[in-house]
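Inspection log for the structure reproduced underneath, given as structure tokens.
Counting starts at 1 for both ligands and their atoms, in listed order.
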Amino acid sequence: MTEISQRKADHINLALQAEHQGALSAGFDRIQFEHNALPELLVSEVDCSAIFLNQYCSAPLIIGAMTGGCEHGESINRHLAEAAEQAQIPMAVGSQRAALQDGLAQDVRRWAPKAILLGNLGGTQLQQHGVELAQRAVDSIEANAMIIHLNPLQELVQPDGDRDWRGVLAAIEECCATLSVPVIIKEVGSGIGPSSAQRLIDVGVSWIEIAGRGGTSWASIESARIQQTREQQIAAPFIDWGMDTAQLIPQVRSQSSQLGLIASGGLRDGLDIARSLRLGANMSAMAQPFLQPALESTDAVIEKIEIFREQLRWAMFLTGSANLKRLQSAPLLSI
Ligand SMILES: Cc1cc2nc3c(=O)[nH]c(=O)nc-3n(C[C@H](O)[C@H](O)[C@H](O)COP(=O)(O)O)c2cc1C
């Protein structure tokens, strides 16, 4: 097993453990809808569908980026991709760096011929290898959009992680100007705040995925992987570093009404999807909740999607929202 494959396998094993889920909540428990005792709706007619990148989705939910380059990688991606195709929701693949470097075939498109697929590379890979690598990532899976992830804390905790973040914004700007598909910028669990969002908007980014604190903690996972106690001591105060997802969504939305906004980081059910849309997101994404089902089967992933979609439908019914547009103005008790 290569070093990258071993790291990815460790990530999967550790991400499944509750202790590496953020100790602090993503903040959705503080967002309370006003209950509508008179919905005046037929449940089966509540419309959860969304349009993303000009295409139909059965729900405003994306399967979040997870890893592929390891022992279980192929079956995980196959289960996720087949489920995305059948359930008609988008899927983000995990980092394509290893596959592109090693010249490995990326079969995800074969399993999801019609689904919306989102490619994935890191900001520092973009800075090091330029837009040409991003275009290869897009082409290899016929991606509908390209995600660039920003993970400075995760890289710091990895002893051999990237330390040079100069020029990442310029590389993103070039990518937005020349790539053949839209670019989505995401974090991995510390969140993208209003100042960073504004700098991204200023260089032409039209979609941001928040990936705030409250879900999978990469500082915690990477810290568990390193053996050196000195490095663990340095990382210790940063285990819960970051910004709550629920707090960030309205702040980033207030920067721009035109920005495409994907809520992620600690969303754990369909009610969280409803809350994040009410706070200003256009779409939502979940990663860790799909990991265990993805290790099992395509049907297990589909069942998870259906449960989340039904929870979203209930939340819409109980707030008297016939569609997502109505949900976005449903009354809140506290915000
Ligand atoms: C096992 C695993 C692997 C991940 N790999 C990637 C990756 O390769 N690229 C990326 O952008 N994000 C990656 N993430 C981060 C997720 O996409 C997401 O931003 C983060 O986990 C927060 O969402 P969650 O709380 O729903 O898990 C990974 C997450 C998990 C659980």
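Side chain to side chain, Ser49 and Asp47 meet the donor-acceptor criterion of an N or O pair below 3.5 Å. Between the side chains of Asp202 and Gln198, a donor-acceptor pair is found at a separation under 3.5 Å. Looking at Gln106 and Ser140, their side chains do bring a donor and an acceptor atom within 3.5 Å of each other.
For ligand 1 and Gly215, the ligand atoms under 4.0 Å from any heavy atom of the residue are 25 (O). Atoms of ligand 1 found under 4.0 Å from any heavy atom of Gly94 (numbered from 1 in listed order, with element): 8 (O). Each of the atoms 26 (O) of ligand 1 lies under 4.0 Å from some heavy atom of Met286. Near Ala211, meaning under 4.0 Å from one of its heavy atoms, ligand 1 places the atoms 19 (O).
Looking at heavy atoms from C-beta onward, Glu82 lies out of side-chain contact with Ile302 at the 4.5 angstrom threshold. Between Ser264 and Thr245 the shortest side-chain heavy-atom distance does not fall below 4.5 Å. Trp218 places none of its side-chain heavy atoms less than 4.5 Å from the side chain of Asn151.
Around atom CD of Gln228, more than 12 heavy atoms belonging to other residues, nucleotides or ligands sit under 6.0 Å away. Counted within 6.0 Å of CZ on Arg136, heavy atoms from surrounding residues, nucleotides or ligands total more than 12; the atom is thus considered enclosed.
Checked for salt-bridge contact, Asp272 and Arg275 meet the test: a charged N lies under 4.0 Å from a carboxylate O.
The protein non-hydrogen atom at the shortest distance from atom 29 (C) of ligand 1 is Trp218 CZ2, 3.2 Å. Of the protein's non-hydrogen atoms, the one nearest atom 22 (C) of ligand 1 is Gly265 CA, 3.9 Å. At the shortest separation from atom 17 (O) of ligand 1 among protein heavy atoms lies Ala65 O, 2.7 Å.
At least one heavy atom of Val188 sits closer than 4.0 Å to an atom of ligand 1.
Checking only distances, Gly266 does come within under 3.5 Å of ligand 1, N or O to N or O. For the pair His11 and ligand 1, the shortest N or O to N or O distance does not fall below 3.5 Å. Between Arg268 and ligand 1, an N or O atom pair is found at a separation short of 3.5 Å. Below 3.5 Å of separation, one finds an N or O of Ser95 facing an N or O of ligand 1. Some N or O of Thr216 is nearer than 3.5 Å to an N or O of ligand 1, by distance alone.
Residues Leu259 and Leu248 fall within the same hydrophobic cluster, defined by Ile, Leu, Val, Met, Phe, Trp and Tyr side chains chained together at heavy-atom separations under 4.5 Å.
Between atom 18 (C) of ligand 1 and the options Gln288, Gln96, Lys186, His149, the minimum heavy-atom separation is to Lys186.
Looking at Ala287 against ligand 1, both its backbone and its side chain come within 4.0 Å, counting heavy atoms.
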